[in-house]
Amino acid sequence: MSISSQEICILPNKNNLALLQTNGMPGNLYNNCSNLPATPTRLERLLRDRELRKYSKCLNDCEAELPSSTQDFFSPDLETSTCWFNDEELLEPVSASRSLNDDGKRLDFRASKQRLLVVANRLPVSAVRHGEDSWQLEMSVGGLVTALLGVKEFDTRWIGWAGVNVPDEIGQKALAKALDEKRCIPVFLDEEVVHQYYNGYCNNILWPLFHYIGLPQEDRLATTRSFQSQFDAYKKANQLFADVVNEHYEEGDVVWCHDYQLMFLPKCLKERNSKMKVGWFLHTPFPSSEIHRMLPSRLELLRSVLAADLVGFHTYDYARHFVSACTRILRLEGTPEGVEDQGKLTRIAAFPVGIDSERFIKALELPEVQDHMKVLKQRFAGRKVMLGVDRLDMIKGIPQKILAFEKFLEENPNWRNKVVLLQIAVPTRTDVPEYQKLTSQVHEIVGRINGRFGSLTAVPIHHLDRSLDFHELCALYAVTDVALVTSLRDGMNLVSYEYVACQESKKGVLILSEFAGAAQSLGAGAILVNPWNVTEVASSIGYALNMPADEREKRHHHNFKHVISHTAQEWAATFVSELNVTIVEAQLRTRQIPPPLPIEVAVDHYSCSKNRLLILGFNATLTEPVDTLGRKDSQINEWEPKLRPDLREPLRKLCDDRKTTVLVLSGSTRNVLDDNFSDYNLWLAAENGMFLRVTTGDWMTTMPENLSMEWVDSVKNVFEYFTDRTPRSQFEVRETSLIWNYKYSDVEFGRLQARDLLQHLWTGPISNASLDVVQGRRSVEVRSVAVTKGVAIDRILGEIVHNKGMKEPIDYVLCIGHFLTKDEDIYTFFEPELPSEVPASVRPQVPTQVRTSIVGSRAAFLMKQNSMSAVEQNKSYSIDGDRLHSMVTDRISFQEGSSVLDLQANDYFSCSVARKRSNSRYRLQSSDEVVTLLRELADHR
């Protein structure tokens with residue numbers, strides 16, 4: 001059922017309440033649509049989804065308890081277990097949710113599941129080949145598999161590498177067919193790619209760095225001789241993953257990329273389909289920016305991850321580190337919501353993962369688990385049981401744990417025959433020398449302690465170098481008195497969650513490393529320790545073993561409540577819900593972003609016009625690209641902006657065209673413009689139009705005679721002070737303004753210094769002065785009131801007309817620049833006037849027949865300009881608020897020679913460069929596109 005103007009969804013519940021959602025169609029500037037419902041906020045959308053999930057879960061639980069005849073009432077034809085509403089319902093109608101079926105006979109409150117493509121390095125199954133076209137599949141073990149095992153909220157497909165090399169086509173087809181039955185899609189990687197991508201770049205470089213271990217020396221890499229060859233293999237593998245995703249992607253799918261092995265994947269996917277919903281989640285810690293900046297490929301990886309719509313981490317600390325890396329290394333803008341780059345916002349958030357707690361709780365009731373528990377209780381009767389379950393990995397802190405247990409036994413001889421430590425160490429990467437050395441070290445320590453404190457009948461440590469099956473593990477969790485997790489650095493560590501889920505009966509104590517991500521979630525009920533402090537851990541063991549029953553129960557109750565409420569299902573549903581909301585907000589922001597400049601249209605109108613005006617900015621528009629990634633020579637290059645060499649020829653052709661007037665309008669000083677444009681036949685407007693000259697003449701001032709500059713010395717003293725206090729900052733004294741720039745300073749320190757500087761200015765030197773303080777992205781400029789490009793263009797246009805003795809009215813205007821928001825009034829100078837009730841932030845499509853001319857006081861002013869000298873113009877000019885209004889609608893006929901503009905709306909092209917939030921009609925991505933445009937114009941004179 002489609003709804004043309006409004007969409008209403010009513011969901012009943014047992015309290016006879018209704019959830020009413022009404023989405024009005026968006027209005028425009030001229031349809032008089034008022035009183036439309038306000039756009040829901042992010043929080044409102046997320047709360048709505050949360051309530052829908054709760055309602056759906058309640059509905060499913062009720063269905064499970066009803067007899068089959070009653071369940072038939074709830075649309076048995078749908079294979080769905082949840083009421084999932086896509087956030088895009090806010091933008092366009094959806095027919096999936098309905099109150100009646102097509103026959104109108106029965107209710108159906110549920111929508112079909114949303115398709116979710118989970119993309120990870122490994123599939124959740126391991127494949128073993130039997131014959132040419134036969135494969136045996138077994139469930140894999142791992143944190144991600146465990147986390148997503150119970151996720152049933154979506155129609156999920158899993159894309160990943162099967163862990164085996166399959167070079168022949170017959171084997172690949174047979175494996176793909178077998179995996180399809182498990183809802184898995186294979187990515188086939190050859191041995192060389194796996195060797196350099198997985199064993200090399202992922203495990204030798206990214207994994208150690210993300211866990212604060214550091215980088216290996218390049219000449220000692222385990223797989224190849226250079227970082228670059230490994231990174232090339234990494235990018236190649238990520239592209240192979242992207243190819244498979246694109247092959248199976250359907251419109252509306254959510255693509256969820258996982259972990260450090262696929263950091264390049266979001267970029268590959270977005271380059272192919274910019275509308276694809278892409279989320280990326282990291283299951284390891286993300287290191288501080290000081291650690292991440294050591295990575296040779298740091299820039300490309302950060303940029304690639306930022307291509308995703310939503311980036312998730314286990315904890316706020318990891319998210320904060322990522323944002324810090326983007327601001328300090330990429331020099332982008334960090335916001336409370338994420339990272340912003342030229343108007344595109346990548347949402348950054350923390351999503352602590354959980355487990356399928358119900359699976360563990362129900363497992364304790366199984367006969368095989370009960371049998372295992374009985375055996376374990378008999379085996380360790382009369383002794384307290386401590387448990388450690390870890391991969392045999394350097395970050396798990398197994399040696400530190402065992403040494404702390406040894407110290408506890410040394411200091412507490414009365415406990416030596418009353419406690420036992422069961423350490424399960426699952427072998428991993430057994431072919432790597434460092435891991436072999438770790439295994440030997442652990443065995444040596446265990447042997448020494450057992451020899452020192454053990455007897456013929458009992459030893460204090462039982463160490464197993466193997467994994468346990470699910471039933472054995474649950475039984476072991478259930479009989480344990482104290483669980484010991486001493487990770488030196490861990491993304492989350494779900495062992496702590498599994499232990500708590502199995503402890504509802506015994507209510508054991510959890511000792512948890514503060515360096516594990518789980519400490520953020522379970523810290524209130526656990527005993528937090530620094531695993532490097534052996535004395536502290538030993539003391540905590542004693543405290544846990546002697547803890548009173550009431551305290552144990554309180555601690556366990558807090559953690560158990562968290563574990564059963566923050567499940568893997570809720571984690572996945574929350575992430576996808578956030579991703580859907582993020583997409584909606586991005587679409588709303590996109591409506592406010594100018595469209596790309598239609599270069600062909602602009603060129604066609606240019607070639608058909610008779611008298612053209614080209615207004616060009618300078619910095620970031622005509623200049624050579626400056627390395628914005630923080631290279632050491634970037635700051636020096638930016639001090640001396642230079643015209644791009646590839647613009648010299650097209651610019652000269654345009655300047656030599658008699659039909660074209662070229663004006664370079666910049667905030668730069670006169671000297672800078674002279675150095676770059678003296679050889680061209682064009683007009684230069686320096687310092688936001690306060691100084692003007694044609695390159696064949698002398699500079700003249702367009703400043704009002706009553707413009708006071710007495711404030712300069714006091715502001716200069718403030719800028720000098722903060723420049724001395726802020727390394728790599730600088731200030732520039734111009735004739736009409738002062739600018740303090742901290743672009744190359746430390747991002748956080750520079751922002752704090754700018755805040756202090758502004759506070760000092762507003763309460764001191766400029767408190768009573770008629771000045772504007774213009775805040776750039778990483779700069780502060782102080783200038784006199786009304787010193788803007790939009791105000792100056794009024795005067796500049798009159799001088800150009802007077803100087804050239806124009807007889808033909810200007811019938812084409814192209815205005816391009818990377819201007820500050822304060823100076824974007826130049827874009828609206830040539831626009832038709834909007835209805836007064838229309839918000840200024842909305843740009844309508846201008847009717848093509850509207851003509852723009854000079855009217856009222858502006859017309860009289862420019863008529864006067866045509867008969868006055870530049871000096872007289874300056875003396876007669878005074879700032880008039882009416883004159884600053886740049887929007888005009890009516891067309892007025894002048895005497896020949898007095899008319900300045902005869903401009904149809906579709907012959908005016910205002911265009912921002914490298915800015916997505918702008919008042920311009922159009923945008924260009926970079927100065928490279930400016931080069932393309934000016935070349936096209938030069939070739940169509």
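Side chains are part of it too, since the values below use all heavy atoms of this structure and drop only hydrogens, waters and symmetry mates.
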Taking R693 for its side chain and G697 for its backbone only, find out whether a donor-acceptor pair lies under 3.5 Å. yes
Locate the shortest heavy-atom distance separating S745 from S729; write the atom from each residue and the value. OG-N, 3.4 Å
I'd like to know whether R923 forms a side-chain hydrogen bond (donor to acceptor under 3.5 Å, both in side chains) with Q925, so could you lay out the CA-CA distance, the side-chain angles of the two residues, the decisive distance to 0.1 Å, and finally the verdict. CA-CA 7 Å; R923 64 182 169 88; Q925 289 290 96; 2.5 Å; yes
T660 side chain to Y606 side chain, donor-acceptor N/O pair below 3.5 angstrom: yes
Enter the distance from S609:OG to L903:CG here, rounded to the nearest 0.5 Å. 10.0 Å
Drop me the distance from N611's CG to Y812's OH, to the nearest 0.5 angstrom. 13.0 Å
Is it true that N919 and T828 share a donor-acceptor pair across their side chains at a distance under 3.5 Å? no
Tell me whether the rings of H605 and F909 are parallel (<30°), tilted (30 to 60°) or perpendicular (>60°). perpendicular
Can you tell me if F749 has over 12 outside heavy atoms packed within less than 6.0 Å of its CZ? yes
Do the non-hydrogen side-chain atoms of L622 and I816 ever get within less than 4.5 Å of each other? no
Check this for me: D698, atom CG, are more than 12 non-hydrogen atoms of other residues, nucleotides or ligands nearer than 6.0 Å? no
Can you list the steps and then say if R328 with E748 is a salt bridge (charged side-chain N to carboxylate O under 4.0 Å, His left out)? CA-CA 8 Å; R328 294 176 184 273; E748 296 298 329; 5.2 Å; no
List the steps and the verdict of side-chain hydrogen bond (donor to acceptor under 3.5 Å, both in side chains) for N803 and W683. CA-CA 11 Å; N803 183 278; W683 286 80; 5.2 Å; no
Does a donor on one side chain sit under 3.5 Å from an acceptor on the other, for S910 and S920? no
Stepwise side-chain contact (heavy atoms from CB on, under 4.5 Å) test for E732 and E781: CA-CA 9 Å; E732 181 181 1; E781 179 179 1; over 6 Å; no
State, without any angle test, whether T661 and K804 hold a side-chain donor-acceptor pair at a distance under 3.5 Å. yes
Note: A325 and L302 closest approach over all heavy atoms is O-CD1, 3.9 Å
Looking at OH of Y908 and CG of L613, how far apart are the two atoms once the value is rounded to the nearest 0.5 Å? 10.0 Å
Short N-O contact, E808 and R612, less than 4.0 angstrom: no
Could you tell me the separation between the CG atom of L665 and the CG atom of D823, rounded to the nearest 0.5 Å? 8.0 Å
State whether D675 and R670 are salt-bridged, where the test is any N-O pair (Lys NZ or Arg NE/NH1/NH2 against Asp/Glu carboxylate O) under 4.0 Å. no
Are more than 12 heavy atoms from other residues, nucleotides or ligands located less than 6.0 Å from atom CZ of R777? yes
Starting from the C-alpha separation in whole Å, work towards a yes-or-no answer on side-chain contact (heavy atoms from CB on, under 4.5 Å) for L345 and E337. CA-CA 8 Å; L345 177 67; E337 292 187 339; 3.3 Å; yes
Is it true that the side chains of K716 and S714 contain a donor and an acceptor less than 3.5 Å apart? no
Presence of salt bridge, E649 and K653, under 4.0 angstrom: yes
Are R293 and S289 linked by a side-chain donor-acceptor pair shorter than 3.5 Å? no
Does any non-hydrogen side-chain atom of S927 lie less than 4.5 Å from one of V931? no
Go through the steps for S668 and N619 under the test side-chain hydrogen bond (donor to acceptor under 3.5 Å, both in side chains), then give the verdict. CA-CA 8 Å; S668 298; N619 291 299; 3.0 Å; yes
Tightest non-hydrogen contact, residues T327 and R778, listed as O-NH2, 4.1 Å
Validation row: H818, V930 side chains within 4.5 angstrom (heavy atoms): no
Is a side-chain N or O of T669 found less than 3.5 angstrom from the main chain of A686, in a donor-acceptor match? no
Could K789 and E824 be called an ion pair, given the rule that one side-chain N must be under 4.0 Å from one carboxylate O? no
Between R783 and T736, is there a side-chain donor-acceptor contact under 3.5 Å, judged purely by atom types and distance? no
Given side chains that start at C-beta, do those of Y742 and Q753 come closer than 4.5 Å, heavy atoms only? no
For ring pair (Phe, Tyr, Trp, His ring centres under 6.0 Å), just list the numbers for F677 and F618, CA-CA rounded to whole Å, side-chain angles, deciding distance to a tenth of an Å, and then say yes or no. CA-CA 11 Å; F677 299 102; F618 180 48; 5.3 Å; yes
Charged N-O contact under 4.0 Å between D657 and K659: no
With a 4.5 Å cut-off on side-chain heavy atoms, are P650 and L937 touching? no
Can T788 and D825 be said to form a side-chain hydrogen bond (donor to acceptor under 3.5 Å, both in side chains), step by step? CA-CA 8 Å; T788 69; D825 53 357; 2.7 Å; yes
Between C911 and L597, the two heavy atoms sitting closest are SG-CB, 4.0 Å
Verdict with supporting geometry, F722 and F731, ring pair (Phe, Tyr, Trp, His ring centres under 6.0 Å): CA-CA 9 Å; F722 279 91; F731 79 95; over 10 Å; no
Mind running side-chain contact (heavy atoms from CB on, under 4.5 Å) on I599 and Y922 for me, showing each step along the way? CA-CA 10 Å; I599 293 181; Y922 305 102; over 6 Å; no
side-chain contact (heavy atoms from CB on, under 4.5 Å) partner of L663, the single match among I615, L797, L684, L682: I615
Is H802 close to I800 at the side-chain level, that is, under 4.5 Å between some pair of heavy atoms? no
Looking at side-chain heavy atoms only, is the closest gap between V339 and E333 below 4.5 Å? no
Sidechain N-carboxylate O distance under 4.0 Å for D679, R652: no
Given side chains that start at C-beta, do those of D928 and R644 come closer than 4.5 Å, heavy atoms only? yes
Identified side-chain contact (heavy atoms from CB on, under 4.5 Å) counterpart of L654 within the set N681, L647, L934: L934
Distance-only donor-acceptor check, side chains T335 and E340, under 3.5 Å: no
Whether the side chain of N676 engages the backbone of V672 through a donor-acceptor N/O pair (distance < 3.5 Å, no angle test) should be reported. yes
Looking at R751 and D746, is any side-chain nitrogen of the basic one under 4.0 Å from a carboxylate oxygen of the acidic one? no
Is the Y827 ring parallel, tilted or perpendicular to the F819 ring (thresholds 30°, 60°)? tilted
So, are D772 and K822 salt-bridged, with charged N and O less than 4.0 Å apart? yes
Can you tell me how far apart CG (N717) and NE2 (H760) are? Round to the nearest 0.5 Å. 9.0 Å
Could you check V782, L761, T723 and say which one makes a side-chain contact (heavy atoms from CB on, under 4.5 Å) with W740? T723
